Each structure stands twice: as C-alpha cells, then as structure tokens.
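Each chain gets a letter, A, B and so on, in the order its sequence line appears, and its residues count up from 1. Everything numeric here is computed off the predicted structure, so don't read it as measured data.
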2 protein chains.
Amino acid sequence: MLTNSRIAYHRHDHKRCINAALCRARELCDARKARLTPIRETVLKTIWASHRPLGAYEIVDQMSQSETSAHRVLPPTVYRAIQFLVDQGLIHRLSSLNAYIGCPFPGNYHSDFFLICEQCGSTAECSDDQVDHAVINAAGRANFQVGSKVIEIVGICPECRG
Amino acid sequence: MLTNSRIAYHRHDHKRCINAALCRARELCDARKARLTPIRETVLKTIWASHRPLGAYEIVDQMSQSETSAHRVLPPTVYRAIQFLVDQGLIHRLSSLNAYIGCPFPGNYHSDFFLICEQCGSTAECSDDQVDHAVINAAGRANFQVGSKVIEIVGICPECRG
DNA sequence: GAAAAGATGTTACTTTGTATCGTTTACTCT
DNA sequence: AGAGTAAACGATACAAAGTAACATCTTTTC
Ligand SMILES: [Zn+2]
Ligand SMILES: [Zn+2]
Ligand SMILES: [Zn+2]
Ligand SMILES: [Zn+2]
C-alpha cells in the first residue's frame, strides 16, 4: 500500500513536504512542457501549507492576505490554477468537502483514496491494490466498466485517537 | 453482494420501483414514528422518478411544474425534505454530483457504494463485504479508524456498453 | 383546549463555481 | 529581432448549491 499516512498523521518537518512537492511539481511540469507559472506555484504552495484540504475560497483569502502583490486575487484566477494543478495530477479534489489537497506522489499513476480525520482534518492519500480489485470486482459482477473512482473515508486519525 | 444493478441498468417496470419505495418508506416512517408528510413524500417520489440522481434544484423545478398546488416550491422546503429523507436512509447524497438518489434497500443497514453511468446517468447502489473489508483493512494499516465512507464509481453501465 | 413540538412559507443570504471578454505575457517561426 | 499565434491573466458579472432566521401553521401531548 502506497500512502503518506505515516507522515501526514504524525509530527514531522512539514517544510520538507512543501519543498518536495514544489520541487517535484517543477520537474514534472518541465518534463511535460507545462507551464508552472508563479500564480499556479503559489496556489500549489498554499494548498501544501498543511495536510488539511483547502477550499477554493480559502485559497483566495490566503493568497489575498499573504501575497506581496497589492491587489486581491480573484476566484477565476484561483479556479484556473486549480484546474491546471488537477489536470497535472499535482492536487486532488475531495468531493465530499469541496476542497483540494496536494498529491504526495504525483507522476506515478495511482488510483487513490483518502483518509480524512474528522477531528483535525488532516488527510492522507492511499493507493491499495486490494481496494482497487475489490471495487473492480464488485463492479464487474454488475457488468459495469469502471472509469474513475471517488473514495473518501471519514474517521479518526491515529494522532487524534491518541 | 447486495445491489439493484440488475434492475437499474435494464429495462423494467419502473412503476414497481416507485411503488415499492413509497410503500417501504411509509412502513419505515410509521415504525419509527417519523412523519412522512405530503411534501416529503412528493420529494421522495420525484427523486424516484428514475434511476438517475437528481439535483436539489431539479427537484424544485419538477415539483414547481408538476404539482397541483399553485405556488412555487422553494429551496428551503426541498432541502428540509431532503434532509429528512437522508436522515431516514430513504435517499442518499452523491457528493461527486451534488445530487440525490433513492435507496433501494432502506432500513437494512448497508455500507454502500454507487456505480454511476457516465453515458446515461443511471446509478446503481451496491453493498459488498469485499469492498468494505478492503477499505477497513487499508485504513487499519494506517491506524485509521473508519467512520463513514463515500465511494462513487463512474464508468459505463452494461446497457450503454451494449 | 392549552402548551409544546414539529413542519412549512418567506426573505434574504452565503458558499462554490463559471462564462465572457479584453488585455497581457510567452512561445514560434521567419 | 519582430510579427504572429497561443496561452495565461484581470475583471465583471453571473449561475448553481445550500442555509440562517423568523413568522406562521399544523400536529401531538397532556
Ligand atoms: Zn507534511
Ligand atoms: Zn486527526
Ligand atoms: Zn426502476
Ligand atoms: Zn448507462
């Protein structure tokens, strides 16, 4: 099972998460000749500020406050950057929260699901063949051809259980 | 595996689905001393008009047009009925679509997931131990205690594959 | 029948997400 | 380098989804 739950749910040097994510994003975009512009990078950095999913308007607020640039960042700007980052697999959307979270393993193909802590909000991403197969199997029995999956688990993280 | 996919994805006498759902809803609410008022029943019937999930504002429109009563039904009315029906387990919300669908097996406890056809929109509900266990297992390996799950699979239904 | 609880009507509002169009920036090709 | 094209951004306005608050009406309880 591929997961960042060991990191996300425990004390760690989060600056390394951020650096790694930005670094990897630059690499990937470079390789794909996709343009990771300053705005897009700022949105990505803002989302990576923690392991808690961030709503689009939270991103708007964060960027409007903390940014050096004078003018307020507007929703379409942020949504466009979000779209780009989702397309590049650098962030994921959590449907059940209307929020976005950084992907810890962009580039590698992974069919992922999420563990969302209902106490602290921290969210880990997992990729597990067992889950994958179980779903494809169940769908297959209904003669249903699986395209994409949304799997979001809400519960209590190890840290919050103590 | 418990599922209504054999029915939902194939030609069938849908009036029987509707009747069964309304009948079961009355029974359940009666047993629980919950009040299935005319509005709530109308919302339930509107959602059960097909096996395609219906958005809240689609329900508003449907009810405003087809209803005998003169005045337009307003969003809070519908949302309140939706809340009641979700609480009673008579309908489910599909996060990835912001839409609602009737539950074919209300009353019985079931941890369910959904197969959403991206062509025709028809959606089947499934409940499968394999999937359940795989998810709980994966979460367990991350020391994560599962509360509720959102599992929504998008793909092609048997009918649309031909 | 009075009091309490529950359901509905109504207004106004919040949150989330887009369409559109004009301008600017970056890449491409000579 | 400079014209031409494509991509990105700024700004306004809007659509879609969901809710808070309060008044009114209905049902239940005692
Ligand atoms: Zn971190
Ligand atoms: Zn937690
Ligand atoms: Zn049917
Ligand atoms: Zn179909």
Participant: Expressed as a whole number of angstroms, how long is the span from A:Arg72:CZ to D:dT12:P?
Facilitator: 13 Å
Participant: So, B:Arg40 side chain and B:Arg35 main chain: donor-acceptor pair closer than 3.5 Å or not?
Facilitator: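 Yes, B:Arg40 side chain to B:Arg35 backbone: donor-acceptor pair under 3.5 Å.
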Participant: Which atom pairs link the protein and nucleotides 23-30 of chain C when you take only N or O atoms and keep those under 3.5 Å?
Facilitator:
residue: C:dA26; atom: O4'; partner: A:Arg35; partner atom: NH2; Å: 3.4

Participant: Taking the side chain from A:Asn4 and the backbone from A:Glu125, do they hold a donor-acceptor pair closer than 3.5 Å?
Facilitator: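 Pair found, side chain donor or acceptor close to backbone of A:Glu125.
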Participant: Between A:Arg93 (CZ) and C:dT16 (P), how many Å, whole number?
Facilitator: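 About 10 Å, once rounded to whole Å.
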Participant: Round to the nearest Å and state the distance from B:His71 atom NE2 to C:dT8 atom C1'.
Facilitator: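 Taking atom C1' of C:dT8 as the reference, NE2 of B:His71 is at 9 Å.
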Participant: Determine, using ring centers only, whether A:His51 and A:Tyr9 are less than 6.0 Å apart.
Facilitator: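 Centroid separation for A:Tyr9 and A:His51: 6.0 Å or greater.
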Participant: Can you list the residues that meet the salt bridge (charged side-chain N to carboxylate O under 4.0 Å, His left out) rule with B:Arg26, with sequence neighbours excluded?
Facilitator: B:Glu41
Participant: Would you kindly give the CD1-to-C1' distance between B:Ile39 and D:dT26, to the nearest whole Å?
Facilitator: 12 Å
Participant: A:Arg72 and A:Asp61: salt bridge (charged side-chain N to carboxylate O under 4.0 Å, His left out), yes or no, with the steps?
Facilitator: CA-CA 8 Å; A:Arg72 181 171 176 76; A:Asp61 291 343; 3.2 Å; yes
Participant: Has A:Arg32 got a side-chain atom pairing as donor or acceptor with A:Gln88's backbone, closer than 3.5 angstrom?
Facilitator: yes
Participant: State whether A:Asp128 and B:Arg141 are salt-bridged, where the test is any N-O pair (Lys NZ or Arg NE/NH1/NH2 against Asp/Glu carboxylate O) under 4.0 Å.
Facilitator: yes
Participant: Looking at A:Ala8 and A:Ala124, what are the two nearest heavy atoms and their distance?
Facilitator: CB-CB, 4.3 Å
Participant: Find the distance between CZ (B:Phe144) and OG (A:Ser5) and round it off to the nearest 0.5 Å.
Facilitator: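 That separation rounds to 10.0 Å.
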Participant: Applying the 5.5 Å / 30° rule, does A:Tyr57 stack onto the base of C:dT16?
Facilitator: yes
Participant: Please report the distance, rounded to the nearest Å, between CG in A:Asn98 and P in C:dT14.
Facilitator: 18 Å
Participant: Closer to the 5' end of DNA chain D via nearest nucleotide, is it B:Ala56 or B:Lys33?
Facilitator: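 By nearest-heavy-atom nucleotide position, the 5'-most residue is B:Ala56.
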Participant: Check the distance between D:dC9's C1' and A:Met63's CE and give it to me in whole angstrom.
Facilitator: 12 Å
Participant: Near DNA chain C, which residues from residues 74-88 of chain A have a heavy atom under 4.0 Å away?
Facilitator: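 Result for residues 74-88 of chain A: A:Pro76, A:Tyr79, A:Arg80, sorted by number.
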